[in-house]
Amino acid sequence: MNAPNTLLHDLAEVTIRRASVSTMDNNAYLVTHKQTGAQVLIDAADDAPALRRLLASAVADTSTEPKLALLATTHQHWDHIRALRELAEETGVRTAAGTADADGIREQVGVDIDVTLDHGDVGNFEGFDLSAVHLRGHTPGSIAYVYRDPHGPTHIFSGDSLFPGGVGNTDRDPGRFASLYDDVVARLFEVFPDDTLVHPGHGQGTTLGAERPHLAEWKARGW
């Protein structure tokens, strides 16, 4: 079977591919460095065969053999980790997630998180880096992964913390909403410019510039 057309962005140094899995339209993202073949898979959400096809689709993106280096998870919710154990056991590569979500992931799917992430941590891969932004509120340890493209706009893999039209679900809890809203504003909107691309955990992407004019609306409505 031919690999699906999963290419989302063909950048100067890396490619970004996306696969939608499960009936919940979970996004799994694959970052591949063109020269070294180093790869990071973000959110092994579901459907391991589909994720294998996502990995296979990136073979053409590098001049050498692709090498999966990390299975990165944005947060502990079940719909984002259903294929994590199968892929971790199959590939033997390291896993990463927010420190405060690591126990929850282990309890749900039996995967020990090898690399626990806190705000500002940076993962160094062959040819590129990903930095961790801790966004508290959707879950205690939700992490956005940031790729700062040296040749163009920054890319944020936001999990379920930021979507087109608002922040992620906080179950109408005022304290959780305030925490997530404050972190998203201070750690994303006040740090990165308008052309920054946002790749959420479900559905289509957006930019910070498209969402910035609505921040006051989000705060006023409380979700």
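Position 1 is the first residue of the sequence; numbering continues from there.
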Rounding to 0.5 Å, atoms CG (L162) and CZ (R187) come to a distance of 14.5 Å
Could you work out, with ring-ring contact (aromatic ring centres under 6.0 Å, His included) as the rule, every residue matching H202, not counting sequence neighbours? H80
Short N-O contact, K34 and D10, less than 4.0 angstrom: yes
Could you check whether atom CD of E90 has more than 12 heavy atoms from other residues, nucleotides or ligands sitting under 6.0 Å from it? yes
Under a 3.5 Å distance rule, please check whether D171 uses its side chain to pair with a backbone N or O of D173 as donor and acceptor. no
Between T62 and T36, is a side chain to side chain contact (heavy atoms under 4.5 Å, CB included) present by the stated rule, with each step listed? CA-CA 7 Å; T62 174; T36 70; over 6 Å; no
Minimum heavy-atom distance L87-A44, with the two atoms named: CD1-CB, 4.0 Å
Correct closest heavy-atom pair for S161 and V184 would be O-CG2, 3.9 Å
At their closest point, which heavy atom of T64 faces which heavy atom of G37, and how far apart are they? CG2-N, 3.7 Å
Under a 4.5 Å cut-off applied to non-hydrogen side-chain atoms, are Q35 and E13 in contact? no
Which value, rounded to the nearest 0.5 Å, describes the distance between D121 atom CG and H134 atom NE2? 11.0 Å
T196 side chain to T154 side chain, donor-acceptor N/O pair below 3.5 angstrom: no
Report yes or no: do L84 and W78 belong to one cluster of Ile/Leu/Val/Met/Phe/Trp/Tyr joined by side chain heavy-atom distances under 4.5 Å? yes
Can you sort out the partners of Y181 under ring-ring contact (aromatic ring centres under 6.0 Å, His included), two or more places apart, ordered by chain and number? F177
Below 3.5 Å, can you tabulate the donor-acceptor pairs from side chains in residues 215-223 to any protein atom, sequence neighbours excluded?
residue, atom, partner, partner atom, Å
E217, OE2, H214, ND1, 3.1
W218, NE1, G165, O, 3.3
R221, NE, W223, O, 2.6
R221, NH2, G165, O, 2.6
R221, NH2, W223, O, 3.3

Approximate separation, where rounding is to 0.5 Å, of L30 CG and L41 CG: 6.0 Å
Please give me the minimum heavy-atom distance between G205 and P200, naming the atom from each residue. CA-CD, 3.6 Å
Only pairs at least two apart or in different chains count here, so list each salt bridge (charged side-chain N to carboxylate O under 4.0 Å, His left out) that has a residue in residues 133-153. R136-D183
Which ILVMFWY residues can you reach from L197 by hopping between side chains whose heavy atoms are under 4.5 Å apart? none
Using side chain to side chain donor-acceptor pair (under 3.5 Å), reason through R176 and T170 one step at a time and then give a plain yes or no. CA-CA 6 Å; R176 287 175 57 195; T170 53; 5.7 Å; no
Excluding Y29, membership of its hydrophobic cluster (Ile, Leu, Val, Met, Phe, Trp, Tyr; side-chain heavy atoms within less than 4.5 Å) reads L8, L11, V14, I16, V31, V40, I42, L70, V115, L117, F125, F128, L130, I143, Y145, Y147, F157
Could you go through L55 and L68, starting from their C-alpha distance and side-chain angles, then the distance that decides it, and tell me whether this counts as side chain to side chain contact (heavy atoms under 4.5 Å, CB included)? CA-CA 8 Å; L55 291 165; L68 185 62; 4.1 Å; yes
Would you mind telling me which of Q76, H77, R82 makes a side-chain contact (heavy atoms from CB on, under 4.5 Å) with Q108? Q76
Look up atom CD1 in I81 and atom CZ in R106, then write down how far apart they are to the nearest 0.5 Å. 12.0 Å
Whether the D79 and N26 side chains hold a donor-acceptor pair (N or O, under 3.5 Å, no angle test) is what I'd like checked. yes
Sorted by chain and number, sequence neighbours left out, side-chain hydrogen bond (donor to acceptor under 3.5 Å, both in side chains) with N124 holds for D129
Side chain to side chain contact (heavy atoms under 4.5 Å, CB included), that's the test. Do H199 and I156 meet it? Break it down for me. CA-CA 6 Å; H199 306 297; I156 297 173; over 6 Å; no
Mind checking what makes side-chain hydrogen bond (donor to acceptor under 3.5 Å, both in side chains) contact with S142, not counting sequence neighbours? T139
May I ask you to list the residues sharing a hydrophobic cluster with F163, side-chain cutoff 4.5 Å, ordered by chain and number? none
Taking only residues two or more places apart in sequence or in another chain, which ones pass side-chain hydrogen bond (donor to acceptor under 3.5 Å, both in side chains) with T116? none
Those residues at least two apart in sequence (or on a different chain) that pass side-chain hydrogen bond (donor to acceptor under 3.5 Å, both in side chains) with T207 are none
Which is it for L180 and L135 under the side chain to side chain contact (heavy atoms under 4.5 Å, CB included) test, yes or no, and what are the steps along the way? CA-CA 6 Å; L180 182 55; L135 302 172; 4.1 Å; yes
Of the non-hydrogen atoms in A48 and A83, which two are nearest, and what is the gap between them? N-CB, 4.1 Å
State which residues pass salt bridge (Lys or Arg N to Asp or Glu O under 4.0 Å) with D25; sequence neighbours excluded, sorted by chain then number. none
Ion pair present between D61 and R17, side-chain N to carboxylate O less than 4.0 angstrom? yes
Report the distance from atom CG of L71 to atom CG of D114, rounding to the nearest 0.5 Å. 9.5 Å
Is there a side-chain contact between V59 and P66 in this structure, where contact means two heavy atoms from C-beta onward sitting under 4.5 Å apart? yes
Shortest non-hydrogen separation from G201 to D160 and the atoms involved: CA-OD1, 3.7 Å
In the structure I gave you, are the side-chain heavy atoms of V109 and I105 within less than 4.5 Å of one another anywhere? yes
R52/E86 under salt bridge (Lys or Arg N to Asp or Glu O under 4.0 Å): CA gap, chis, key distance, verdict: CA-CA 11 Å; R52 292 187 195 101; E86 184 171 347; 2.6 Å; yes
When clusters are formed by joining ILVMFWY residues with side-chain heavy atoms under 4.5 Å apart, either directly or through shared neighbours, do V21 and M24 land in the same one? no
May I ask you to decide whether D194 forms a salt bridge with R212, counting only side-chain N to carboxylate O separations under 4.0 Å? yes
How long is the gap from CZ on F189 to CG on L208, to the nearest 0.5 Å? 5.0 Å
Under a plain distance cut-off of 3.5 Å, with no hydrogens placed, do Q39 and H33 share a side-chain donor-acceptor pair? no
